[in-house]
Number of protein chains: 2
Amino acid sequence: MATTEVTATISDAEWRVMRVVWTLKQADSRTIIALLEKQHDWKAPTIKTLIGRLVKKGALATTKQGRQFIYTPQIQEQAAMDAALLGELNQMCAMHRGTALTHVVDQLELSHADVQTLITHLEQQLATAPASVPCDCLPDDCEGSCEA
Amino acid sequence: MATTEVTATISDAEWRVMRVVWTLKQADSRTIIALLEKQHDWKAPTIKTLIGRLVKKGALATTKQGRQFIYTPQIQEQAAMDAALLGELNQMCAMHRGTALTHVVDQLELSHADVQTLITHLEQQLATAPASVPCDCLPDDCEGSCEA
DNA sequence: CTTTACTGACTACAAGTGTAATCTTAATTT
DNA sequence: AAATTAAGATTACACTTGTAGTCAGTAAAG
């Protein structure tokens, strides 16, 4: 099956490559390399390696076009972002996620529309939000307050 | 200097160890190992290795207590969470961060108080929020719409 | 005092990652 | 046709990470 494989694990450096391909929708290696050489001080072979790994991982597809390849993203940017973020949060203490989000929101510059959307979604959650979310760092439930 | 070293890079597996020590405030290896063996199917030596790496990285401090060590976190949990999350977001396209946050918020269970706090902070941002946040995936500014 | 058991140290090892050089083949230029 | 260039493939290599075995020393038990 695997209708939508969001599974591919993309490393930090590879993420940079994906970002330009996502933005361009599709690109040949010459273009990718030119753009990334400007952003980082990466050598061309470094970028080639990253592209190759992304193809092997299934994150980029290739279409032979004459002598070269055209690379196309095989995973959606937004889906990858959502998954990465959620994965990160889910490995942290549940009790502190809310505070982390608040701190992060304070540090980010979000558009007016995004802030508005967030508020709307949060207000909808208010009704059903639990009074508290317990710490889930220990196997049994010490409620985050069992002293050693 | 280095008054507050939030720099230490903590891997996924190491994060699990930190979570129990953060929650217990301090612990000896016996306790850490007992708890983690219950959560994962890790062998004791695996956990010992992780503890050792965290000590080397400066994320845990040791206090000799008789034959054993007492391990104490050297970085704050909330600060580490904030930094990890912000770091993750900052390596993603600025234009899509807001949407990612919305999606993530929809998937998380946050406490009533946390949701309320988030709303408050977001409402404060509304006033100064820019109309839009441009894509920053390309070196020059193609506004996320330059076709290949 | 000797044996046992547990703690921490050392060693191991494959996979992933960041970074890059070199090689090969095919195309472009002279 | 020969020489140069460029694209992708192959190879390299150190460091991190996940996972774990083994060893050594000291304290506890007999």
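Quick note: numbers below take in every heavy atom, side chains included, and nothing from hydrogens, waters or symmetry partners.
For DNA chain C, the neighbouring residues in residues 54-70 of chain B, judged by any heavy atom under 4.0 Å, are B:Gln68, B:Phe69. A heavy-atom distance below 4.0 Å to DNA chain C is reached by these residues of residues 44-53 of chain B, ordered by number: B:Lys48, B:Arg53.
A donor-acceptor pair is defined here as one N or O able to donate and one able to accept, closer than 3.5 Å; no such pair exists between the side chain of A:Arg97 and the backbone of B:Leu110. Counting only distance, with no hydrogens or angles, the side chain of A:Trp22 and the backbone of A:Ile75 share a donor-acceptor pair below 3.5 Å. In terms of modelled atom types and a separation under 3.5 Å, the side chain of A:Lys25 and the main chain of A:Thr72 share no donor-acceptor contact. Distance alone, capped at 3.5 Å, is enough to place a donor-acceptor pair between the A:Glu14 side chain and the A:Ser11 backbone. In this structure, A:Thr31 contributes its side chain and A:Ala27 its backbone to no donor-acceptor pair below 3.5 Å.
Between the CD atom of A:Glu14 and the C1' atom of C:dA20 there is a distance of 15 Å, rounded to whole Å. Straight-line distance from the CE atom of B:Met18 to the P atom of D:dT17: 14 Å, rounded to whole Å. Rounded to whole Å, atom P of D:dT19 lies 12 Å from atom CG of B:Leu36. Remark: P of D:dG21 and NZ of B:Lys43 are 7 Å apart, rounded to the nearest angstrom. Note: CD1 (A:Ile33) to P (D:dA7) measures 7 Å, nearest angstrom. Atom CD1 in B:Ile10 sits roughly 15 Å away from atom P in D:dT16 (whole-Å rounding). Rounded to an integer number of Å, the gap from A:Trp42 CH2 to C:dT17 C1' is 11 Å. Distance A:Ile32 CD1 to D:dG8 C1': 13 Å, rounded to the nearest Å.
Partners of B:Asp12 by side-chain hydrogen bond (donor to acceptor under 3.5 Å, both in side chains), not counting sequence neighbours, listed by chain and number: A:Gln91.
Taking side-chain N and O atoms only, B:Thr9 has no distance below 4.0 Å to OP1 or OP2 of D:dT16. Under 4.0 angstrom from either OP1 or OP2 of C:dG18 there lies at least one side-chain N or O belonging to A:Ser11.
Residue contacts shown for A:Asp28 are absent, as no nucleic acid heavy atom lies under 4.0 Å away.
Atom CG of A:Leu54 is separated from atom OH of A:Tyr71 by 10.0 Å, given to the nearest 0.5 angstrom. Between the CZ atom in A:Arg19 and the CG atom in A:Leu24 there is a gap of 12.0 Å [rounded to 0.5 Å].
Of the N and O atoms on the side chains of A:Ser111 and A:Asp114, at least one donor lies less than 3.5 Å from an acceptor on the other residue.
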